[in-house]
Number of protein chains: 2
Amino acid sequence: MGPTIKDVAKIAKVSPSTVSRVIAGSNRISKATHQRVRKAMEDLGYYPNANARSLVKNSTETIGLVLSRSVVAALSNPFFPEIFRGITSVTQEYGYSLLLSSSKDYVQEEEEALRMLKERRVDGLLILASRANDSLIETLVKEKHSFVLVGRMPGIEELHWVNNDNVQSAEKAVDYLTELGHKKIAFLGGSPELIVSRDRLIGYKNGLQKAGLDFDFTLVEEVDFTEESGFKSLERLLERHPDLTAVFAIDDLLALGAMKAIKEEGLIVPDDISVVGFNDNPLASYVVPALTTIRIPIYDMGVQAARMLLQKLKGEEVTEYQIVLDSELIIRESSMEPCR
Amino acid sequence: MGPTIKDVAKIAKVSPSTVSRVIAGSNRISKATHQRVRKAMEDLGYYPNANARSLVKNSTETIGLVLSRSVVAALSNPFFPEIFRGITSVTQEYGYSLLLSSSKDYVQEEEEALRMLKERRVDGLLILASRANDSLIETLVKEKHSFVLVGRMPGIEELHWVNNDNVQSAEKAVDYLTELGHKKIAFLGGSPELIVSRDRLIGYKNGLQKAGLDFDFTLVEEVDFTEESGFKSLERLLERHPDLTAVFAIDDLLALGAMKAIKEEGLIVPDDISVVGFNDNPLASYVVPALTTIRIPIYDMGVQAARMLLQKLKGEEVTEYQIVLDSELIIRESSMEPCR
DNA sequence: ATATTTAGATCAAACGTTTGCACAAAATAT
DNA sequence: ATATTTTGTGCAAACGTTTGATCTAAATAT
């Protein structure tokens with residue numbers, strides 16, 4: 001194997017402790033020995049063994065990120081690469097490593113998280129809180145582990161998280177539609193187990209209320225995040241509500257499916273029906289007509305979440321421990337004032 | 001901190017060695033003690049400390065994946081999530097962890113890789129060999145580290161890698177165009193430093209030769225992988241070759257840019273000019289006209305690469321150590337026989 | 001001159017495992 | 001009955017660090 005601290009010590013004619021202190025940057029080392037040791041390390045191509053260090057320091061300088069398979073699938077585009085870029089940019093800045101694991105389902109997600117903490121001994125966890133996985137969070141809180149959520153977890157105070165403003169931005173989207181004059185706006189959402197889904201529904205309701213419109217549950221469809229689902233749910237909606245003039249979908253793929261269904265029905269987007277999506281999938285700007293949607297600062301969310309966690313771990317003062325980042329309404333071609 | 005092996009030993013009234021052997025599944029342990037120990041572990045909620053174990057076993061059961069920032073950007077869509085899914089599915093199967101790091105540039109990439117191996121002591125490395133980063137590979141070979149490439153590295157034999165059939169599939173695309181009757185086919189490629197770029201150019205040339213067409217370097221543009229580049233390079237090409245009837249681009253974004261330029265020139269895809277892309281970006285099927293392209297089995301590449309590495313690490317027999325996976329030509333609407 | 005402080009280094013224990021060797025008891029062979 | 005093998009367990013060293021306690025020599029104070 002590679003050279004150890006003892007080898008360095010021997011070459012530099014000091015004790016291993018001294019080498020260790022040189023590495024740690026202790027100030028009780030004379031300039032002369034400092035240089036001798038550095039030189040020896042250099043000559044030998046010495047790298048300290050992180051495992052040995054972790055063992056005694058009880059800290060691995062590593063954070064864990066557990067992803068459930070479904071999250072990866074759901075987030076793959078464009079979330080995952082972006083949030084990953086954000087996270088790694090700050091782990092790198094702090095000299096930390098990132099340990100990843102992906103799990104099949106929610107019980108396995110919890111197992112993996114605990115194994116990371118207790119077996120691999122990561123110092124903290126970053127959690128993509130897509131769903132209200134109370135069990136995992138409760139365990140983590142009870143055992144006083146350090147972690148921060150990307151997303152939020154209703155019901156538990158005092159959690160560290162960074163989230164986008166789902167409620168407000170959904171509201172913003174609906175405001176935009178009502179201000180254009182739309183009165184009959186459908187909502188294409190996901191399972192209410194998903195927090196984003198819930199929050200965006202709340203924003204939708206707020207927007208309606210603000211415009212003096214009544215909430216009509218027959219205008220709401222709850223499906224999964226596929227184009228297929230969007231297509232079918234819009235077929236159903238048009239049957240129930242032929243006089244629909246706008247659709248707000250909580251994901252762009254859903255919106256795309258909806259647009260397809262609208263076209264197939266012989267109607268025109270945006271002339272007959274306006275469509276607004278969410279997440280600003282790269283597809284949104286390419287599709288014809290280009291999709292009006294909401295862009296989430298996903299890279300920033302990764303950065304802020306990682307930074308918060310590392311500040312906590314380093315004992316630095318965590319200035320804010322619940323951050324919500326603004327999203328942006330991107331107006332493109334799929335929406336206009338109602339013509340009928 | 002959590003319970004250690006000694007705590008378990010005390011409860012089960014055995015020595016730590018015995019507990020260790022129970023965990024390791026040694027067959028020299030009586031059924032009775034085995035159960036007593038298991039019970040004690042259960043009761044205490046014991047997790048073995050991976051750091052301590054790694055220290056003595058000199059193996060972390062972890063593999064590293066280093067990504068340069070530019071690779072993440074280039075691969076973000078749809079490569080990164082897909083390959084990640086592939087890799088994690090097998091690391092999980094083998095009970096290994098995945099350590100990630102992303103680096104700014106190619107020199108940092110090398111540093112990070114070596115730090116992972118020597119400091120964090122990962123057992124092996126997975127490398128996305130987008131570019132001929134000889135220096136890193138040479139070091140790894142010289143120091144006899146275990147690693148496998150996703151992609152290939154020309155010039156060095158005996159490397160372990162899994163790659164898609166860039167040459168053959170590019171050839172396939174060109175065959176398809178020549179069989180339709182195209183005689184003047186432009187090539188939109190990237191920097192020849194990128195191996196994929198080189199290989200696809202070779203395939204292009206092969207295809208031309210097979211059809212009895214001469215290679216004309218004025219039909220070749222070498223640019224970066226952005227839509228903008230595709231747009232501009234096609235403007236240049238159309239000026240040089242107004243009689244162009246087909247374009248083969250080594251990335252879909254390039255192809256999309258090309259299509260835009262063609263439209264802007266008042267020409268129609270595919271009637272006037274056929275366009276074929278590469279990589280099957282999700283955009284390809286949404287754009288109008290839908291883009292003919294080549295789909296790479298990227299998930300499988302992740303699986304195979306990870307499996308190869310883990311087999312190697314586990315001392316299992318590695319059946320194949322250089323795998324090339326077939327790609328598929330997806331014919332959509334952007335290509336047809338030439339009309340002019 | 002001696003007593004005290006300070007600087008710079010070493011010693012040895014500790015972190016939580018694994019594992020070769022030794023050993024006792026039980027099982028089997030002679 | 002004793003000699004040999006087998007089975008199950010424990011002892012203690014090792015893995016490569018860090019760090020509190022300790023020591024020595026030099027510097028400073030009395």
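So that the names make sense, note that chain A is the first sequence line, chain B the second, and so on, each numbered from 1.
- Between B/F80 and B/F84, the ring-plane angle classifies as tilted under the 30° and 60° cut-offs.
- Atom NZ in B/K6 sits about 6 Å away from atom P in C/dC15, given to the nearest Å.
- Atom CZ in B/R28 sits about 17 Å away from atom P in C/dA25, given to the nearest Å.
- Considering only heavy atoms from C-beta on, B/I23 comes within 4.5 Å of B/Y46 through its side chain.
- Put simply, OH on B/Y47 is 17 Å from C1' on C/dG16, counting in whole angstrom units.
- The distance from atom CD of B/E119 to atom P of D/dC15 is 20 Å, rounded to the nearest whole Å.
- Distances shown here put a side-chain N or O of B/T33 below 4.0 Å from the OP1 or OP2 atom of D/dT9.
- Here the P atom of nucleotide C/dG8 and the CG atom of A/N27 are 9 Å apart, to the nearest Å.
- Here the CD-CZ distance, from B/Q322 to B/R152, works out to 10.0 Å after rounding to the nearest 0.5 Å.
- A/T18 and A/S15 are linked by a side-chain donor-acceptor pair at a separation below 3.5 angstrom, with hydrogens and angles left out of the test.
- Rounding to whole angstrom units, CG of residue A/D7 and C1' of D/dC15 are separated by 13 Å.
- The C1' atoms of five pairs define one axis at each end of the helix from C/dA1-D/dT30 to C/dT30-D/dA1, and these two axes lie 50° apart (to 10°).
- Taking atom CG on A/L55 and atom C1' on D/dC15, their separation rounds to 9 Å, with Å as the unit.
- Around NZ of B/K312, the count of heavy atoms belonging to other residues, nucleotides or ligands within 6.0 Å exceeds 12.
- When all heavy atoms are compared, the tightest approach of A/V90 to A/A306 is CG2-CB, 3.5 Å.
- Residue B/T4 places none of its side-chain N or O atoms closer than 4.0 Å to OP1 or OP2 of C/dG16.
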TODO: Between protein and nucleotides 18-23 of chain D, map the contacts as a letter string: B base, S sugar-phosphate only, - none, heavy atoms under 4.0 Å, written 5' to 3'.
DONE: BBBB--

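- Salt bridge annotation for A/K39-A/E42: absent, with no cationic side-chain nitrogen under 4.0 angstrom from a carboxylate oxygen.
- Taking 4.5 Å as the limit, every side-chain heavy atom of B/E61 sits out of range of all side-chain heavy atoms of B/Y94.
- Between A/P81 and B/P81 the shortest side-chain heavy-atom distance falls below 4.5 Å.
- Checking C/dA9, D/dT9, C/dC15 against the side-chain heavy atoms of A/S30 singles out C/dA9 as nearest.
- The CG atom of A/N51 sits 17 Å away from the C1' atom of C/dA14 (whole-angstrom rounding).
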